[in-house]
Peer 1: 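Can you read through this structure? Questions will come right after.
Naming: A, B, ... by sequence-line order, numbering from 1 per chain.
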Amino acid sequence: MNYWVFKSEPDAYGIDHLAAEKKKTARWDGIRNFQARNNLRDLVKKNDLVLFYHSSCKEIGIVGTMEVVQAAYPDPAQFDPDSKYYDEKSEPDNPRWYSVDVRLVEKFPEVVPTKILKADPMTAELSIFKQGRLSIASVSAAQWEAVRRLRADGPV
DNA sequence: GCCAACGTTGGC
DNA sequence: GCCAACGTTGGC
């Protein structure tokens, strides 16, 4: 089983949106970056665990955890001309973009903010800080454990 | 809202 | 296949 971090702007889709979904489950779609796509399509598997990261917002940081409930399948939005994720270059028999389905496991009582994450030697190495654009990135078991610890010891 | 950093595109 | 220009992301 692998660990991941998924990034999203909460104004567009945040953890509270996921919490409000039926069965707290939703399609994670709109990934339009090739390296993120490769991770999603080839490496993200059912039952993998995911950190939910809020970017470009007031409280930037890790806000909870999710579980992958459905491995990669073609993102239907790429074929929908009305979607902002429409991609005219993608063909149905050779889709460019993929989605997975995720279920909310836990919303943290407090955001674990970037300041705290960057202060910890383990989580400072998270790829979200190393490679800004990667919206789907792997997390080591040690990093996952470090986040769990920061969450438990975090600011009151 | 600004600006730096990076991914993608397109001309050669 | 390189690389400059462009657009977008994302932290502050």
Peer 1: Taking the minimum atom-to-atom distance to the side chain of A:Arg133, which one of B:dG10, C:dG10, C:dT9 wins?
Peer 2: C:dT9

Peer 1: Scan A:Lys118 against the nucleic acid and name what it touches under 4.0 Å (heavy atoms): base, sugar-phosphate only, or nothing.
Peer 2: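 Sugar-phosphate only.
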
Peer 1: What's the CG-P distance between A:Leu117 and C:dG10, to the nearest Å?
Peer 2: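 Roughly 16 Å, once rounded to whole Å.
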
Peer 1: By nearest atom, which of the nucleotides B:dG10, C:dC12, C:dG7 is closest to the A:Thr114 side chain?
Peer 2: C:dC12

Peer 1: Specify the separation, in whole Å, of atom NZ of A:Lys7 and atom C1' of B:dA5.
Peer 2: 12 Å

Peer 1: Between A:Tyr13 and A:His17, what is the ring plane arrangement, given parallel below 30°, perpendicular above 60°, and tilted in between?
Peer 2: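 Judged by the thresholds at 30° and 60°, the geometry between A:Tyr13 and A:His17 is parallel.
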
Peer 1: Ignoring the backbone of A:Asn33, work out which of C:dC12, B:dT8, B:dT9 is nearest its side chain.
Peer 2: B:dT8

Peer 1: Between A:Leu134 (CG) and C:dT9 (C1'), how many Å, whole number?
Peer 2: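 In whole Å, C:dT9 C1' and A:Leu134 CG are 12 Å from each other.
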
Peer 1: Between A:Glu21 and A:Lys24 (salt bridge meaning N to carboxylate O under 4.0 Å), is one present in this structure?
Peer 2: no

Peer 1: Roughly how many Å is it from CD in A:Glu9 to C1' in C:dC12, rounded to a whole number?
Peer 2: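 For the pair A:Glu9 CD and C:dC12 C1', the rounded distance is 15 Å.
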
Peer 1: For the residue pair A:Glu9 and A:Ser55, confirm or rule out a side-chain donor-acceptor distance under 3.5 Å.
Peer 2: no

Peer 1: Select base, sugar-phosphate, or nothing to describe what A:Phe129 touches, counting heavy atoms under 4.0 Å on all strands.
Peer 2: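 Answer is nothing: A:Phe129 stays at 4.0 Å or more from every strand.
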
Peer 1: Whole angstroms only, please: what is the CD1-P distance between A:Ile128 and C:dG10?
Peer 2: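 One finds 10 Å between P of C:dG10 and CD1 of A:Ile128, rounded.
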
Peer 1: Between P on B:dC6 and NZ on A:Lys130, what's the gap in Å once rounded to a whole number?
Peer 2: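 Whole-Å distance recorded here is 12 Å.
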
Peer 1: Going by atom types alone, do A:Asp101 and A:Tyr73 pair a side-chain donor with an acceptor below 3.5 Å?
Peer 2: yes

Peer 1: Taking the minimum atom-to-atom distance to the side chain of A:Phe34, which one of B:dG7, B:dT9, B:dT8 wins?
Peer 2: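 It is B:dT8.
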
Peer 1: Between A:Asp87 and A:Arg32, does at least one N-O distance fall below 4.0 Å, as a salt bridge requires?
Peer 2: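 Salt bridge flag = no for A:Arg32 with A:Asp87.
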
Peer 1: Just how far, in rounded Å, is P of C:dT9 from CG of A:Asp11?
Peer 2: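 My rounded result for the distance is 13 Å.
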
Peer 1: Using a cut-off of strictly less than 4.0 Å, decide whether A:Tyr53 has a side-chain nitrogen or oxygen near OP1 or OP2 of C:dG11.
Peer 2: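 Checking C:dG11 against A:Tyr53, a side-chain N or O does come within under 4.0 Å of OP1 or OP2.
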
Peer 1: How many whole angstroms separate atom CG of A:Asn39 from atom C1' of B:dG7?
Peer 2: 15 Å

